[in-house]
S.K.: 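Sharing a structure, written as structure tokens. Questions coming.
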There are 2 protein chains.
Amino acid sequence: MAGQHTLNETESEVASRLGGLKLDFEAMAVTSNLFRAANSVRNHLERTVLAKADLTWTAFVVLWVVWIWEPIETRGIAAEGGFSKATLSGVLTTLEGRGFLTRERSTSDGRLVLVSLTPAGRRLMKKLFPEFNAEERNITRHITTGDLPQAAQILRDLISATE
Amino acid sequence: MAGQHTLNETESEVASRLGGLKLDFEAMAVTSNLFRAANSVRNHLERTVLAKADLTWTAFVVLWVVWIWEPIETRGIAAEGGFSKATLSGVLTTLEGRGFLTRERSTSDGRLVLVSLTPAGRRLMKKLFPEFNAEERNITRHITTGDLPQAAQILRDLISATE
DNA sequence: TGCCGATAATTTGGGCCCGAACGATTAGCG
DNA sequence: CGCTAATCGTTCGGGCCCAAATTATCGGCA
């Protein structure tokens with residue numbers, strides 16, 4: 001939203017369309033930049049690290065969550081990854097078809113499905129995750145305003161304000 | 001990714017799967033929280049403000065960009081909104097079908113398409129945007145660590161590191 | 001003038017995304 | 001024990017998302 005135009009240009013244009021209405025331009029800048037940043041980082045990591053393994057962002061997150069917490073229930077993956085169970089079902093089918101994970105119905109509770117990585121899935125993550133983290137480090141290294149922990153805290157504030 | 005488990009739990013699980021490998025957990029926390037925050041804010045705004053107008057986040061962004069800069073070329077909307085032209089084409093067709101905007105081929109350059117809001121589109125934005133901004137303010141009001149301009153700056157640092 | 005490379009928007013194909021509806025299973029309460 | 005409400009995962013429908021291929025147009029150069 002705050003793309004090629006400067007913030008001031010945008011502000012004056014918005015103001016002219018709303019007359020005397022009071023707007024919070026700082027709040028606008030935060031949400032606008034939040035989305036540009038998230039998409040930009042996502043696309044960057046998909047192109048630099050994930051493309052060689054032909055993985056989407058979401059598929060990688062699913063593999064990562066399962067890798068850390070296996071065996072884990074479907075609902076747990078969705079909660080941990082931050083997407084709906086409907087979305088997850090499709091992604092699990094894709095990754096299962098590619099031989100990276102398995103689904104298994106729980107014996108103690110017939111409603112639950114337990115997900116685990118296959119050896120191929122574990123091999124993939126053991127190779128891919130260090131590369132992924134190196135690129136994460138590369139990106140966040142450029143944060144000059146404030147420090148990393150503070151950046152993470154501000155983002156957590158946004159999460160808790162909306163969840 | 002840093003969902004129901006604490007950061008320390010996740011760290012020790014990750015470490016146990018990678019042995020002695022050096023990882024940057026602060027960088028992990030930043031990118032992880034960046035996505036949770038973006039999705040959380042997006043879902044929140046879609047449910048609280050956008051649902052009553054039956055608009056998705058992306059559709060709203062498109063309307064907003066056109067509202068501010070009309071008449072604007074397709075490529076300009078995509079750049080300003082931060083998505084691909086392929087994505088935009090579909091969304092424009094949706095919004096055109098609902099009578100919120102119009103497409104018109106440029107007379108000076110037959111390759112370009114100029115997009116403008118209809119009166120209905122302008123009425124919608126004039127009513128919706130103040131509500132949207134009020135909710136943005138509501139969300140960002142909870143940022144206690146550091147101030148809003150610093151938050152926006154950190155996000156811009158992330159964008160410039162990846163674009 | 002006629003061609004050719006560059007540019008703009010759209011279409012295509014495959015995948016992600018969510019809410020709502022659905023079928024299966026379980027827990028709890030009388 | 002039997003019934004009902006809750007829970008879990010999946011499916012369905014509609015929409016978003018991008019890279020690559022496609023169609024149309026333009027600019028420049030011989």
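Letters go in sequence order (proteins before strands), and every chain restarts at 1.
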S.K.: In whole angstrom, what separates B/Leu92's CG from C/dT11's C1'?
M.R.: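 Rounded to the whole Å, the gap is 14 Å.
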S.K.: Round to the nearest Å and state the distance from B/Leu114 atom CG to C/dA8 atom P.
M.R.: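 Rounded to the whole Å, the gap is 13 Å.
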S.K.: Under 4.0 Å, heavy atoms only, any strand: does B/Glu46 hit a base, just the sugar-phosphate, or nothing?
M.R.: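 The answer is nothing, as B/Glu46 stays clear of every strand by at least 4.0 Å.
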S.K.: Report, as a single string ordered 5' to 3', how protein heavy atoms within less than 4.0 Å touch nucleotides 12-29 of chain D: B base, S sugar-phosphate only, - not at all.
M.R.: ----SBBB-----BS---
S.K.: May I have the distance from A/Leu63 (atom CG) to C/dC16 (atom P), rounded to whole angstrom?
M.R.: 11 Å
S.K.: Whole angstroms only, please: what is the CG-P distance between B/Leu112 and C/dT10?
M.R.: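 Nearest whole value for this atom pair: 11 Å.
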S.K.: Expressed as a whole number of angstroms, how long is the span from A/Leu95:CG to C/dC16:C1'?
M.R.: 12 Å
S.K.: Under 4.0 Å, counting only non-hydrogen atoms across every strand here, what does A/Ser89 touch: a base, just sugar-phosphate, or nothing?
M.R.: base
S.K.: Would you kindly give the CG-to-P distance between B/Asn39 and C/dC17, to the nearest whole Å?
M.R.: 8 Å
S.K.: Quickly, which of A/Val49, A/Leu124, A/Leu128 forms a side chain to side chain contact (heavy atoms under 4.5 Å, CB included) with A/Phe60? Name it, please.
M.R.: A/Leu128
S.K.: Find out whether A/Ile139 and A/His44 are in side-chain contact, i.e. whether some heavy atom of one side chain is under 4.5 Å from a heavy atom of the other.
M.R.: yes
S.K.: Take the protein atom CD of B/Glu104 and the nucleotide atom P of C/dA8, then report the distance between them rounded to whole Å.
M.R.: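 In whole Å, C/dA8 P lies 19 Å from B/Glu104 CD.
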S.K.: Does the ring center of B/Phe35 lie less than 6.0 Å from the ring center of A/Trp57?
M.R.: yes
S.K.: Rounding to a whole Å, what distance do you find between A/Ile77:CD1 and D/dG9:P?
M.R.: 9 Å
S.K.: Can you tell me if CZ on A/Arg42 sees more than 12 non-hydrogen neighbours from other groups inside 6.0 Å?
M.R.: yes
S.K.: Could you state the interatomic distance from CG (A/Asp24) to CD (B/Glu136), rounded to the nearest 0.5 Å?
M.R.: 8.0 Å
S.K.: Which of these, A/Leu63, A/Ile77, A/Thr56, A/Thr58, sits in a side chain to side chain contact (heavy atoms under 4.5 Å, CB included) with A/Val91?
M.R.: A/Thr58
